[in-house]
Amino acid sequence: MEDENIKHNFIKTIINEDLEKGKNNGQVVTRFPPEPNGFLHMGHSKSICLNFGIGKEFNGKCNLRFDDTNPEKEEQKYIDAIIEDVHWLGFDWGETIHYASDYFHQLYDFAIELIKKNKAYVCALSAEEMRKYRGTLTEPGKDSPDRNRSVEENLKLFESMRKGEFEEGAYVLRAKIDMASPNINLRDPIIYRIKKMDHPRTGSEWCIYPMYDFTHGLSDAIEGITHSLCTLEFQDHRPLYDWILDEVSAPCHPQQIEFARMNLNFTVLSKRKLQKLVENHHVEGWDDPRLPTLAGIRRRGYTPASIRNFCNIIGVSKKESRIDVGLLEDCLRSDLNEHAPRVMGVLKPLKVTIENWPEGKTEALDAANHPQNPDMGKREVIFSREIFIEQDDFMEDAPKKFFRLAPGREVRLRYAYFITCKEVIKDDTGQITELICTYDPATRGGDSPDGRKVKGTLHWVSREGSVPAEINLYDRLFLNEDPEADTDDFTKNLNPESLVVLKNSRVEKSLVNAVPEKAYQFERTGYFCTDSKESSPDKLVFNRAVTLRDTWAKMKPKGKPRPKKTKNAKK
RNA sequence: UGGGGCGUCGUCAAGCGGUAAGACACAGGAUUUUGAUUCCUGCAUUCGGAGGUUCGAAUCCUCCCGCCCCAGCCA
């Protein structure tokens with residue numbers, strides 16, 4: 001799967017038109033501007049792929065810029081995690097990582113410029129008073145009593161704010177726009193507030209911090225961004241973005257373009273909700289493989305290429321949508337189908353004794369690492385008298401369509417021999433504990449010289465050729481397509497079987513030194529990788545990234561029902 | 001009942017006045033030492049609705065309907 005150019009979308013149309021008009025001297029510069037207050041998730045990957053993708057495609061560049069204007073919520077650990085995640089996804093930003101905090105001095109000067117133009121004033125209204133003065137959606141706001149403060153006094157007060165002479169909340173700096181604007185964002189928005197708090201990067205240098213609306217457009221302008229892509233909820237802020245850039249001597253005037261954020265069904269994509277799942281221990285941390293965080297999905301076995309491909313496939317538009325996670329899974333499958341080596345692992349082992357195989361004898365058989373790609377080579381798998389097959393691959397009263405093992409039936413063991421089931425052994429409770437089979441020496445490697453056909457081919461592992469492993473089977477985190485459906489508390493819709501731990505699995509020996517996060521296809525069951533945190537050569541722990549498509553499971557009448565889809569679900 | 005957006009197949013999504021791409025899903029079929037993969041085939045006479053302009057409309061105009069966002073000293 002190769003990374004192609006970004007699928008056509010309305011943003012590319014705009015950029016192409018700009019290029020034709022010769023706007024920005026033919027330059028295209030974008031930016032990905034995360035706030036370092038949490039971990040990156042799939043929603044961010046859409047923005048990352050879009051911004052970096054466009055930068056690359058138009059021979060421009062894309063800056064990584066931390067929007068770090070609120071020290072109350074931001075931490076260095078998030079900065080580090082975000083850098084790692086963006087890098088992992090496969091993007092580079094050259095030498096420099098940008099920070100809005102790098103511009104605090106310039107931003108401060110721009111604020112003074114605004115004050116001098118009588119376009120900003122220091123306001124003493126309390127938070128509650130300010131809310132009252134702001135008006136409502138249908139009623140205009142009222143001017144603050146401080147709105148006509150003199151330029152000199154504003155300058156003096158703002159300087160005092162900066163020097164730390166006031167308590168938090170005592171004063172704010174506001175843009176002087178229009179308290180009667182139908183757009184609430186234009187009703188004299190706050191652009192600076194006092195926060196007596198150390199900043200992860202500027203330490204105690206500042207006790208006033210600029211607000212998003214003031215910071216963002218100016219940071220864009222300082223960096224020479226040409227197209228500032230953000231999500232739909234900022235549409236109402238665009239007039240403010242433009243107002244600030246127009247009123248101040250900004251080096252250029254980037255264009256803000258909004259697109260719809262990504263939503264995925266059967267999961268949540270908001271920092272607040274993800275945080276709740278983590279803090280209330282519904283999952284084991286930000287990198288829990290069930291979470292749609294990049295850290296989680298990575299640990300689960302997703303590849304950067306599959307996510308990039310996914311982000312391209314879903315496209316970019318202004319329509320709010322909820323994408324089927326099935327599509328994400330499919331992108332992973334298509335990447336891994338091509339690149340993952342094949343191995344054998346038995347999730348729920350059922351002991352099989354080959355009664356006509358000599359005790360103590362082992363035999364090495366050739367197995368292809370990728371049947372469709374001989375370049376990936378082959379390996380040896382060990383056959384012996386005692387082997388294990390999947391419990392699901394045996395049925396005592398098997399229907400005709402069951403192409404697997406049953407009393408008297410013959411199947412092929414992949415790359416090994418044909419075996420026939422002779423006897424079923426059970427314990428006192430009626431549980432099947434062992435199968436006695438015979439093998440046909442003439443079928444070595446899996447071919448039958450007499451041309452006889454066998455319907456099923458099973459994966460297997462021998463006692464001597466395998467090691468124990470623990471396997472984490474992950475499923476969708478929520479039972480409902482819309483986790484918010486029919487409840488005011490989305491945690492009530494959590495899927496209790498989102499993680500099933502198998503303690504007694506066995507995998508072929510070649511997997512002992514598997515590299516963490518490198519995915520393998522366990523033939524016939526799915527794609528797995530060793531857990532980067534829990535696994536070691538002494539105790540292998542595998543995570544299932546995604547199952548293989550399973551048409552048998554689909555036609556099987558019984559079995560665990562899939563989570564239901566809820567149509568048009570509402571809260 | 002202020003302002004800003006959005007409505008094209010089950011889910012995404014191209015389309016920009018010349019007669020509905022593609023992907024996933026779904027349904028058939030072929031090949032198969034993974035019930036996988038791969039490969040064929042089918043799947044919107046119709047674009048939220050109603051009018052209008054035009055030789056011609058998903059694309060232009062009018063009205064209506066539905067959904068989303070905004071009243072943090074968050075981003």
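In what follows, chains are A, B, ... by sequence order, proteins preceding strands, each numbered from 1.
- Computed from coordinates, the A/Phe66 CZ to B/A75 P distance equals 16 Å when rounded to whole Å.
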Next item on the list: Let me see the working for A/Glu481 and A/Arg322 under salt bridge (Lys or Arg N to Asp or Glu O under 4.0 Å), right down to the final yes or no.
Entry: CA-CA 9 Å; A/Glu481 176 175 36; A/Arg322 194 200 311 278; 5.0 Å; no
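- Using bins of under 30°, 30° to 60° and over 60° for the plane-to-plane angle, the ring pair A/Phe166/A/Tyr171 lands in the tilted bin.
- Between A/Lys455 and A/Glu410 there is no salt bridge, since no side-chain N of the basic residue sits under 4.0 Å from a carboxylate O of the acidic one.
- Across the strands present, B/U54 finds no partner; the criterion is a Watson-Crick or G-U wobble pair with both atom distances under 3.5 angstrom.
- Comparing B/A27 with B/C69, their P atoms are spaced 35 Å from each other, to the whole Å.
- Annotation: side chain of A/Ile82 is not in contact with side chain of A/Lys77 (no heavy-atom distance under 4.5 Å).
- Nucleotide B/G35 is shown with an anti base, its glycosidic torsion being more than 90° from 0.
- Both A/Gly446 and A/Tyr527 lie near RNA chain B, and the one whose nearest nucleotide falls closer to the 5' end is A/Gly446.
- In summary, the side chains of A/Tyr212 and A/Asn70 do not present any donor paired with an acceptor at a separation below 3.5 Å, with no hydrogens or angles considered.
- Spacing between atom CG of A/Leu332 and atom C1' of B/C24 amounts to 15 Å, rounded to whole angstrom units.
- Using the Watson-Crick or G-U wobble rule with both distances under 3.5 Å, B/U46 pairs with nothing in any strand shown.
- Taking both residues in full, the closest heavy atoms of A/Leu269 and A/Met262 are given as CD1-O, 3.5 Å, listed atom of the first, atom of the second, then distance.
- When rounded to the nearest whole Å, the span between CD of A/Glu139 and P of B/G3 equals 14 Å.
- B/A14 is unpaired under the criterion used here, namely a Watson-Crick or G-U wobble arrangement in which both key atom distances are under 3.5 Å.
- Applying the 4.0 Å criterion to OP1 and OP2 of B/A36, one finds that A/Thr551 has a side-chain N or O inside that range.
- Checked against A/His459 for a side-chain hydrogen bond (donor to acceptor under 3.5 Å, both in side chains), the options A/Arg342, A/Glu508, A/Glu390 give a single hit: A/Glu390.
- For B/U34, its base sits under 3.5 Å from the side chain of A/Gln521 at one donor and acceptor pair at least.
- Judged by distance alone with a 3.5 Å cut-off, no donor-acceptor contact links the side chain of A/Asp550 to the base of B/G35.
- Between the side chains of A/Arg31 and A/Ser228, a donor-acceptor pair is found at a separation under 3.5 Å.
- At whole-Å resolution of the value, NE2 in A/His8 and P in B/A13 are 15 Å apart.
- Pair assignment for B/A30 gives B/U38, based on Watson-Crick or G-U wobble hydrogen-bonding distances that are each under 3.5 Å.
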Atom pairs under 3.5 Å: protein N/O with N/O of nucleotides 71-73 of chain B:
unit_1	atom_1	unit_2	atom_2	d
B/A71	O2'	A/Arg134	NE	3.1
B/G72	OP2	A/Arg134	NH2	3.1
B/C73	OP2	A/Arg134	NH1	3.1
B/C73	N4	A/Leu125	O	3.0
B/C73	N4	A/Ala127	N	3.4
B/C73	N4	A/Gly169	O	2.9

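- Between B/C39 and B/U31, the distance separating the two C1' atoms is 8 Å to the nearest Å.
- Residues A/Asn9 and A/Leu50 come closest through the heavy atom pair ND2-CD2, 4.4 Å.
- Remark: ring of A/Tyr212 does not overlap the six-membered base ring of B/A75 in a stacked fashion, as centroids less than 5.5 Å apart with planes less than 30° apart are not both met.
- Dashed line: the shortest gap from a side-chain N or O of A/Arg524 to OP1 or OP2 of B/G35 is under 4.0 Å.
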Output one line per pair: protein atom, nucleotide atom from nucleotides 6-8 of chain B, and distance, for all N/O pairs under 3.5 Å.
unit_1	atom_1	unit_2	atom_2	d
B/U8	OP2	A/Lys319	NZ	2.6

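- Whole-Å rounding puts the A/His459 NE2 to B/U34 P distance at 13 Å.
- Using the six-membered ring where Trp is involved, A/Trp206 and A/Phe104 have ring planes that are perpendicular, over 60° apart on the 30 and 60° scheme.
- Of the two residues contacting RNA chain B, namely A/Arg238 and A/Asn337, the nearest-nucleotide position lying further toward the 5' end is that of A/Arg238.
- Note: A/Phe383 and A/Tyr439 have tilted aromatic rings, judged against thresholds of 30 and 60 degrees for the angle between ring planes.
- Applying the Watson-Crick and G-U wobble criteria (two distances, each under 3.5 Å), B/C9 pairs with nothing in any strand.
- Counting any heavy atom pair closer than 4.0 Å across all strands shown, A/Tyr209 reaches no nucleic acid atom.
- For the pair A/Gln256 CD and B/G4 P, the computed distance is 16 Å after rounding to whole Å.
- A donor-acceptor contact under 3.5 angstrom links the side-chain atoms of A/Arg342 to the base of B/U34.
- Between B/U45 and B/C40, the two C1' atoms lie 26 Å apart (nearest whole Å).
- Using a 4.0 Å cut-off between charged side-chain N and carboxylate O, A/Lys348 and A/Asp392 make no salt bridge.
- Remark: C1' of B/C26 and CG of A/Leu327 are 15 Å apart, rounded to the nearest angstrom.
- Of the side-chain N and O atoms in A/Thr138, none sit less than 4.0 angstrom from OP1 or OP2 of B/G3.
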Report each atom pair, protein N/O against N/O of nucleotides 27-32 of chain B, whose distance is under 3.5 angstrom.
none

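- Using cut-offs of 30° and 60° for the angle between ring planes, the A/His44 and A/His41 rings count as tilted.
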Next item on the list: Carefully, step by step, assess A/Tyr103 and A/Glu223 under the rule side-chain hydrogen bond (donor to acceptor under 3.5 Å, both in side chains).
Entry: CA-CA 10 Å; A/Tyr103 314 134; A/Glu223 290 175 19; 2.4 Å; yes
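- Atom-to-atom, CZ of A/Phe310 to P of B/A23 comes out at 17 Å; the value is rounded to the nearest Å.
- As the counterpart of B/A25, no nucleotide is assigned, since no Watson-Crick or G-U wobble pattern has both distances under 3.5 Å.
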